[in-house]
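In what follows, chains are A, B, ... by sequence order, proteins preceding strands, each numbered from 1.
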2 protein chains.
Amino acid sequence: MATEEEQFLQDYAPREYPSVALTVDLVVFAVKASTLHAAFVRRGGHPFKGALALPGGFVGPDEDALTAAWRELQEETGLELGAHRAHVEQLATYSSPGRDPRMRVVSVAHLALLATDGSALPALNPGTDTEAAQWMPVYEVLANETLAFDHRGILTAALDRLAGKIEYTLTAARLLPEEFTLYQLRRVYQAVWNTDKLDAGNFTRKMTGALRDTGRKVLRDKGAPAALFTVRDEYLSPPMMRPV
Amino acid sequence: MATEEEQFLQDYAPREYPSVALTVDLVVFAVKASTLHAAFVRRGGHPFKGALALPGGFVGPDEDALTAAWRELQEETGLELGAHRAHVEQLATYSSPGRDPRMRVVSVAHLALLATDGSALPALNPGTDTEAAQWMPVYEVLANETLAFDHRGILTAALDRLAGKIEYTLTAARLLPEEFTLYQLRRVYQAVWNTDKLDAGNFTRKMTGALRDTGRKVLRDKGAPAALFTVRDEYLSPPMMRPV
DNA sequence: AAAATAGTGTCTCTGAGACATTATGTG
DNA sequence: CACATAATGTCTCAGAGACACTATTTT
């Protein structure tokens, strides 16, 4: 049996099959000043010269798409894994034959969330020789900028996914440090949903069930001190509702 | 400007880049007798000889993954598009380097839903030369069968997606004819969730808001006649809740 | 009439939103 | 004390589930 299988693998003659170049595209989100930002690259060459594009790169022969996405994220931010907390998940795959006029490129888009305290964005690598990635406000980009390839569709898909997911999970906490106040969390929701209509009191009550109070408090410029929370482990990525 | 771009496209020398074979895998669901079924192929050759596998095939050079999924679905069922109503959507992409021991194959998994009246499954093509696809009960397969490659993961991902999606959309109606009774719809929910605990009365009240009563009724063996409904257009794929 | 099924009524509980109120800090 | 913010209380409303009840068919 083992021999039959070995035989097969040896006999197997690589057939004619269509082959494609496989890449990952990243939508990297982070929040500053209650505004949702994403990392973009300004294209210096054709096609789509001068337009904004999402960072990305080829998937190596010995890695899967998720590994490649983490590697690209690290190359772009220079983050030591674990220094910045990060969350990466697959979004969707874009395979339209004409999406890159130069050749057949199939791209697995990923959603990446970087933690910030809401006051500053993570540093981006100044870029080797190629153009460096830069943070830009997502809603302004969507309103005013031209995006290369099918990257507008990828960006809106990522935004929809994030906006939907924080409705029923605590994924929003992945955009914050390990410990955070309800004020910070609320600002993340406002950033993602591009709104300022979130009642602070109701928000507190709604969230505290899935959070753990560290007992410590932190002060702001004015007002009462705010409690520091962490996400209760059982609510980290899975649903906040439907507690199994 | 046009010249500069043309110049670039001409000058563009195809670089060295890793290339992969791109395929689609299909999880095709249909319901019979309140039991969720999926289409499988029994493997006749190595690797995974004798195990069950999902149907699928290569993505052609001039089609995207979704088009290839529709083509494979048609080849497998012999359905004239529109004769059987069908729903196909992208699920996720599987790109682990070792997932096929023969070569580097990246597969875009798709979820397909076929309409039945709940009493019989759509015919599957008897297969050209290769093994024909066959319907099998999903929960029994997951409990008792060995699945080839990473197809167990794909199948459970498809099932999770479907089970979750029918909670807040009317996607379940894609497993039924254009017009259906609440009894049929309830049986679909029971099939997908593998349960029989759905109160008929509450189910009716919950669903009727998103349905349109055709005014016609249909009889069963016993009991009162049941009204025929269709899905109100505005609720077809998008959410039943959150009415914008 | 008896049985089975379709559909409605009723009650309770829970969660969300609107909004007021109390508590705790700073200048 | 004035002010700002955190957190809680209160009220209302809508939706879901448990369960009883009525209506409509077949045998």
Quick check against the 3.5 Å criterion: does [X] have a side-chain atom that pairs as donor or acceptor with the backbone of [Y]?
X: R152(B); Y: E145(B); result: yes
X: Y189(B); Y: I166(B); result: yes
X: D64(A); Y: T67(A); result: yes
X: T35(A); Y: P137(A); result: no

- Query: After noting the C-alpha distance and the side-chain angles of R71(B) and E76(B), does the key distance pass the salt bridge (charged side-chain N to carboxylate O under 4.0 Å, His left out) rule?
  - Reply: CA-CA 9 Å; R71(B) 177 178 51 71; E76(B) 178 198 330; over 6 Å; no

Of the listed nucleotides ([options]), which one gets closest to any side-chain atom of [X]?
X: P225(B); options: dG25(C), dA16(D), dT25(D); value: dT25(D)
X: T204(B); options: dG25(C), dT8(C), dA16(D); value: dT8(C)
X: A224(B); options: dG17(D), dC19(D), dA6(C); value: dA6(C)
X: D199(A); options: dC19(C), dT26(C), dA6(C); value: dC19(C)

How close or far is atom [atom2] of [N] from atom [atom1] of [X], stated in whole angstroms?
X: Q184(B); N: dA6(C); atom1: CD; atom2: P; result: 11 Å
X: L185(A); N: dA6(D); atom1: CG; atom2: P; result: 13 Å
X: K206(A); N: dG9(D); atom1: NZ; atom2: P; result: 20 Å
X: R220(B); N: dA23(D); atom1: CZ; atom2: P; result: 21 Å
X: L198(A); N: dA16(C); atom1: CG; atom2: C1'; result: 12 Å
X: L182(A); N: dT8(D); atom1: CG; atom2: C1'; result: 13 Å
X: R186(B); N: dA6(C); atom1: CZ; atom2: P; result: 6 Å
X: Y183(A); N: dG25(C); atom1: OH; atom2: P; result: 19 Å

- Residue closer to the 5' end of DNA chain C, G201(A) versus G223(A) (nearest nucleotide):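 This one resolves to G201(A).
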
- Query: Which is true for A200(A) with a 4.0 Å heavy-atom rule: it touches a base, it touches only sugar-phosphate, or it touches nothing?
  - Reply: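 A200(A): no heavy atom of the nucleic acid under 4.0 Å.
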
- Does the dA18(C) base have a donor-acceptor partner in the side chain of N202(A) within less than 3.5 Å?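 Indeed there is one.
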
- Query: Would you say a side-chain N or O of R205(A) is under 4.0 Å from OP1 or OP2 of dG15(C)?
  - Reply: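 Checking dG15(C) against R205(A), no side-chain N or O comes under 4.0 Å of OP1 or OP2.
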
